[in-house]
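To start, the structure itself, in structure tokens.
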There are 2 protein chains.
Amino acid sequence: MKKDYSETEIKIKTAAKSLFLEKGYSATTTRDISKESEINLALLNYYFTSKKKLFEIIMLETFYDFISKMVEVYNDEKSSLEEKLELTSSKYIDMIIAEPHLPTFVVNELKNNPSSILKILKGQIMESKLVDQYNDGVKKGIYKKIDPIHFVTNILSLIVFPFISSPIIIKMKKFNKTEFNEMMKERKKLIPEWILKMIKK
Amino acid sequence: MKKDYSETEIKIKTAAKSLFLEKGYSATTTRDISKESEINLALLNYYFTSKKKLFEIIMLETFYDFISKMVEVYNDEKSSLEEKLELTSSKYIDMIIAEPHLPTFVVNELKNNPSSILKILKGQIMESKLVDQYNDGVKKGIYKKIDPIHFVTNILSLIVFPFISSPIIIKMKKFNKTEFNEMMKERKKLIPEWILKMIKK
DNA sequence: TTGAATTAAACAAATGTTTAATAAAAAATT
DNA sequence: AATTTTTTATTAAACATTTGTTTAATTCAA
């Protein structure tokens, strides 16, 4: 029962996503979207009823992508905890370099749209293979016994926050954007090492 | 040469700050501000010329507070690196618990207002006593040799990011706000320990 | 009495949405 | 195959609110 999207619908969604990501919901006007997507203003409401509805669709899809990419790795059956850390770090950093506005957007618009969109999360992370492997390590006495929420939070913090605060980092180090991205690529290797040090006894 | 603020001015600024922090610049209207501060709509322009000007004043002050609190500790002459980590962690977490919208606001509105506001940062962090102490440790061979920007970034990441992503954490752990704050208070102790483990050879 | 502070009302521009007319495409009929 | 009918897509214009700002009159304080 997959819906068939028309070319116009796709054009609208693409433009809208790009604008919402860059400027947020309130600062993006329907006329911005119509201009960017080169469609007539009325078609936005014709296809998506309202700006709000269009936003919710985009928000949902974007957040879903954002989370699935993580959950995929976290639930892989074959890889070790160390390998999962390396993969997550690497994949996520690449993903955000390609779409730098993503984290701020997700984080920002999340506090206004809480419950409905966050359903996607349900148990997918805290009951993942990665957390199991962490708990096993605790049981075996190789990892310190701390609530795994800290473990999960720290991974995300070290990966995502630097992007969110990139204007600050760029200013502090007199970086340009390329140099900043280089720094983030460096972190692909460093973050897994740091996380391991943090959890080990 | 300190300017003398009238009661009305203060009322406007207080209400505006609260609203800007909660909803951001675009989603806050001048009528919201006039209602919240219980002043006549025209007084906003009478005292602050425009919504934009008012915002810039508030943005500047807020960001300045946000940074000074950090710089203060980072440049303390007497304390050790370990003590600085503990103090930063503790003070910052308390600060954000008291004003939970602060980080999202700063981070969010920063990418639109780059250079002018970020001047505040100039060298204050990367040339701080804390970074000196870190570099000393590297020279002495007790810390790994990595660009100190990672060190500084990691501290801020582990402290601030959990607040920014609090809706996600709250959902994952089925927390309420109090439980989330408890988790953050736990981190006051944990973060300095983690950071030390990360930098040690 | 003079200047500052406050107010209600008005203004122009922007914004989300709808309408009514037209064009294009698809389906039905001859 | 050709023509008519019906449905869908697109358009320009209009509409009703909202929003930031200004004006001109009034109140208050020095």
Side-chain angles (χ1 to χ4, degrees), chain A residues 1-62 101 105 108-109 112-113 116-117, chain B residues 1-62 101 105 108-109 112-113 116-117:
Chain A
M1 275 303 160
K2 212 173 182 180
K3 203 181 162 190
D4 211 33
Y5 293 108
S6 75
E7 206 185 322
T8 330
E9 268 175 291
I10 295 169
K11 270 161 73 181
I12 295 173
K13 271 177 64 178
T14 310
K17 182 174 179 182
S18 154
L19 287 166
F20 283 143
L21 278 170
E22 194 193 322
K23 322 205 290 171
Y25 176 76
S26 297
T28 303
T29 72
T30 51
R31 281 169 183 80
D32 285 343
I33 298 170
S34 107
K35 214 169 203 177
E36 174 90 6
S37 57
E38 292 172 307
I39 54 100
N40 184 281
L41 177 58
L43 288 178
L44 193 155
N45 298 80
Y46 179 76
Y47 282 110
F48 296 98
T49 313
S50 70
K51 181 192 168 188
K52 182 146 225 147
K53 284 258 170 63
L54 171 59
F55 177 78
E56 270 158 18
I57 291 169
I58 288 168
M59 180 73 203
L60 203 76
E61 288 182 6
T62 307
H101 294 298
F105 172 76
N108 229 313
E109 309 292 344
N112 309 321
N113 269 50
S116 63
I117 285 175
Chain B
M1 277 302 161
K2 214 174 184 181
K3 202 181 161 188
D4 210 31
Y5 293 108
S6 75
E7 206 185 321
T8 330
E9 268 175 292
I10 296 169
K11 272 161 74 180
I12 295 173
K13 271 178 65 177
T14 310
K17 182 176 180 181
S18 155
L19 287 166
F20 283 143
L21 277 170
E22 194 193 323
K23 323 205 288 173
Y25 176 76
S26 296
T28 302
T29 70
T30 50
R31 280 168 184 80
D32 285 342
I33 298 171
S34 105
K35 216 171 203 174
E36 175 91 4
S37 57
E38 292 172 307
I39 55 99
N40 184 280
L41 178 58
L43 288 178
L44 193 154
N45 297 81
Y46 180 75
Y47 282 111
F48 297 98
T49 313
S50 71
K51 180 191 170 191
K52 181 146 225 143
K53 283 259 170 63
L54 171 59
F55 177 78
E56 272 159 17
I57 291 169
I58 288 168
M59 180 72 203
L60 203 76
E61 287 182 7
T62 307
H101 294 299
F105 171 77
N108 229 313
E109 309 293 345
N112 310 320
N113 270 49
S116 63
I117 285 175

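Chain identifiers are assigned alphabetically (A, B, ...) following the order of the sequence lines, protein sequences preceding nucleic acid strands; residue numbering begins at 1 within each chain.
- The pair E61(B)-K13(B) meets the salt-bridge criterion, with a side-chain N (NZ, NE, NH1 or NH2) lying under 4.0 Å from an Asp/Glu carboxylate O.
- Distance I39(B) CD1 to dC28(D) C1': 17 Å, rounded to the nearest Å.
- The distance from atom CD1 of I39(A) to atom CD1 of I10(A), rounded to the nearest 0.5 Å, is 13.5 Å.
- Within the structure, the salt bridge (charged side-chain N to carboxylate O under 4.0 Å, His left out) test picks out the following pairs touching residues 20-32 of chain B (sequence neighbours left out): K23(B)-D32(B).
- Following rounding to the nearest Å, I33(B) (CD1) and dT19(D) (C1') show an atom-to-atom distance of 12 Å.
- Counting only residues at least two apart or in different chains, side-chain hydrogen bond (donor to acceptor under 3.5 Å, both in side chains) contacts with residues 34-44 of chain A are absent.
- Rounded to whole Å, the distance from OH on Y47(B) to C1' on dT7(C) is 13 Å.
- Of the possible polar contacts, none joining the K17(B) side chain to the T62(B) backbone as a donor-acceptor pair under 3.5 Å is found.
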- Query: In the 5'-to-3' direction, what one-character label does each nucleotide of nucleotides 11-23 of chain C receive under the scheme B = base within less than 4.0 Å of a protein heavy atom, S = sugar-phosphate only, - = no such atom?
  - Reply: ----BBBBB----
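- The nearest whole Å value for the distance from the NZ atom in K23(B) to the C1' atom in dT18(D) is 13 Å.
- Here the P atom of nucleotide dT7(C) and the CD1 atom of I12(B) are 10 Å apart, to the nearest Å.
- As a whole-Å value, the separation of K35(A) NZ from dA12(D) P is 14 Å.
- Atom C1' of nucleotide dA9(D) and atom CD of E7(A) are separated by 13 Å, given to the nearest angstrom.
- In this structure a side-chain-to-backbone donor-acceptor pair under 3.5 Å is missing from T49(B) to N45(B).
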